[in-house]
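Working notes, beginning with the structure itself.
For the single chain, residues carry numbers from 1 onward in sequence order.
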Amino acid sequence: VEGTTRFLKNICGMWLLERCRKEWEATNNYSYTELIDAALTVPAFRSLINPDAPCFSNPTSMIQAIGHYCKETNQPVPQSYGEITRCIFDSLALRYKQVFGYLQQMAPFPIEKLHIIGGGSRNNLLNQFTCNAVGVPVIAGPSEGTAIGNIMLQAKANGLVSDIAAMRQLISTSIETVSFEPQQAEEWKEMVARWTGGRWRQRPGRGGGAEGKKGVRASAGSRTAAHKPRKSEVRGPRGRHSLRLRIFMDVLPPHGSDGA
């Protein structure tokens, strides 16, 4: 659009938690408030996973897949819904930092800010964890990124806005966003170093992690849609020196479907 370049990297988002919530519905329909409150009672980094590991793409049971991964990597297996939620949030934030670092290395300009858009931008706890991990300011919102982008392109086609800069200015002055600043810098810096070095996932008697020696991290839709991909993007030289991370609020398969 407008001569910019979108540099994409597929990443995982709230798909993990949405699948767990679907399983919990059989006994308890936990709200996001309940899940977040429970996650805050669990020690940080107790159990970690690689959210992009193939075993999490569409398992029969996401809860069992997470437990098996932690067992295979010699970590405590999360049991309660709070432990599972904390595992997911910590792991997502660290994975975002890992891929954020890759993009920083490849971008021809410094990336000094992270924009989180899409349905997942409403999760303030994950937004703060992500901010802590990446170490730069985070701006969350708008949550309806796809719809707003569609409206802006229609506005340009009808001559209501002149270019992409005008679109961004109109969006920024019309829609409320939430800003986050990094916290607990030393704790997260140490964990990021362990994460990128693979020292959190050593198998008993083996070196390396569950995804091998090398591992190269959202818009909302209806609950009846198929699993949506997750994207991150770096604006080209004509855009702002920031990274826009689209955290998709992953949606569930149709009721009664196995998601295949």
Side-chain angles (χ1 to χ4, degrees), residues 11-96 116 118-130 133 140 143-144 191 200-201 203 209-211 217-230 246-260:
I11 55 178
C12 193
M14 298 298 287
W15 165 250
L16 300 168
L17 187 58
E18 285 299 304
R19 283 293 303 272
C20 290
R21 288 188 71 203
K22 185 64 175 178
E23 294 181 52
W24 289 325
E25 282 179 2
T27 54
N28 292 283
N29 189 17
Y30 297 117
S31 67
Y32 269 101
T33 299
E34 290 175 309
L35 294 174
I36 289 172
D37 287 346
L40 285 171
T41 67
V42 178
F45 315 125
R46 177 180 181 272
S47 305
L48 297 171
I49 60 173
N50 173 10
D52 285 336
C55 59
F56 300 124
S57 61
N58 193 27
T60 302
S61 169
M62 185 64 74
I63 294 173
Q64 291 181 9
I66 291 173
H68 180 73
Y69 188 101
C70 292
K71 181 178 180 180
E72 286 292 295
T73 50
N74 200 28
Q75 301 180 86
V77 175
Q79 302 292 336
S80 69
Y81 66 92
E83 291 173 348
I84 293 172
T85 302
R86 184 62 186 246
C87 171
I88 291 172
F89 286 175
D90 283 346
S91 301
L92 285 175
L94 290 166
R95 181 61 169 158
Y96 295 156
I116 299 179
S121 67
R122 292 174 290 187
N123 188 327
N124 287 338
L125 180 60
L126 180 56
N127 292 340
Q128 186 62 64
F129 285 178
T130 301
S143 60
E144 299 296 339
M191 194 61 232
W200 58 277
R201 56 182 184 183
R203 292 172 181 264
E211 67 169 347
R217 206 87 337 256
S219 272
S222 72
R223 289 176 61 86
T224 59
H227 172 55
K228 301 288 184 70
R230 296 148 301 277
R246 305 186 65 190
I247 307 293
F248 284 79
M249 183 64 71
D250 295 274
V251 293
L252 301 174
H255 180 68
S257 167
D258 61 1

Check whether any side-chain heavy atom of Asn28 lies under 4.5 Å from a side-chain heavy atom of Tyr81, and answer yes or no.
no
Quick one: list whatever passes side-chain hydrogen bond (donor to acceptor under 3.5 Å, both in side chains) with Asn29, sequence neighbours left out.
none
Nearest 0.5 Å, what's the OH-SG distance between Tyr96 and Cys12?
7.0 Å
Are the side chains of Leu17 and Leu92 in contact, using a 4.5 Å heavy-atom criterion?
no
For the residue pair Pro78 and Cys70, what are the closest heavy atoms and their distance?
CD-SG, 3.7 Å
Would you say CD of Gln64 has more than 12 non-hydrogen atoms from neighbouring residues, nucleotides or ligands within 6.0 angstrom?
no
Quick check for you: to the nearest 0.5 Å, what is the distance between Ser143 atom OG and Ile116 atom CD1?
12.5 Å
Ser121 side, atom OG; Leu126 side, atom CG - distance, nearest 0.5 Å:
10.5 Å
Heavy-atom side-chain proximity of Ile11 to Arg95 below 4.5 angstrom:
no
Minimum side-chain heavy-atom gap Val42-Phe89 below 4.5 Å:
no
Pairwise distance CG(Leu35) to OG1(Thr85) - rounded to 0.5 angstrom
4.5 Å
Do Arg19 and Phe56 form a cation-pi contact, if we require the NZ or CZ to be under 6.0 Å from the six-membered ring centre and within 45 degrees of the ring's axis?
no
In short, Pro59 meets Ser57 closest at the heavy-atom pair CD-C, 3.9 Å
Spacing of SG belonging to Cys20 relative to CD belonging to Glu25, to within rounding of 0.5 Å
11.5 Å
If every non-hydrogen atom of Arg46 is compared with every non-hydrogen atom of Val77, which pair is closest and at what distance?
NH1-O, 4.0 Å
Is the closest side-chain heavy-atom distance between Thr73 and Leu48 below 4.5 Å?
no
Yes or no on salt bridge (charged side-chain N to carboxylate O under 4.0 Å, His left out) for Glu83 and Arg86, after CA distance, side-chain angles and deciding distance?
CA-CA 5 Å; Glu83 291 173 348; Arg86 184 62 186 246; over 6 Å; no
So which atom in Ser47 and which in Ser91 form the shortest heavy-atom distance, rounded to 0.1 Å?
O-OG, 4.3 Å
I need the Glu144 CD to Arg122 CZ distance, nearest 0.5 Å.
6.0 Å
Please give me the minimum heavy-atom distance between Glu23 and Ser61, naming the atom from each residue.
OE1-OG, 2.7 Å
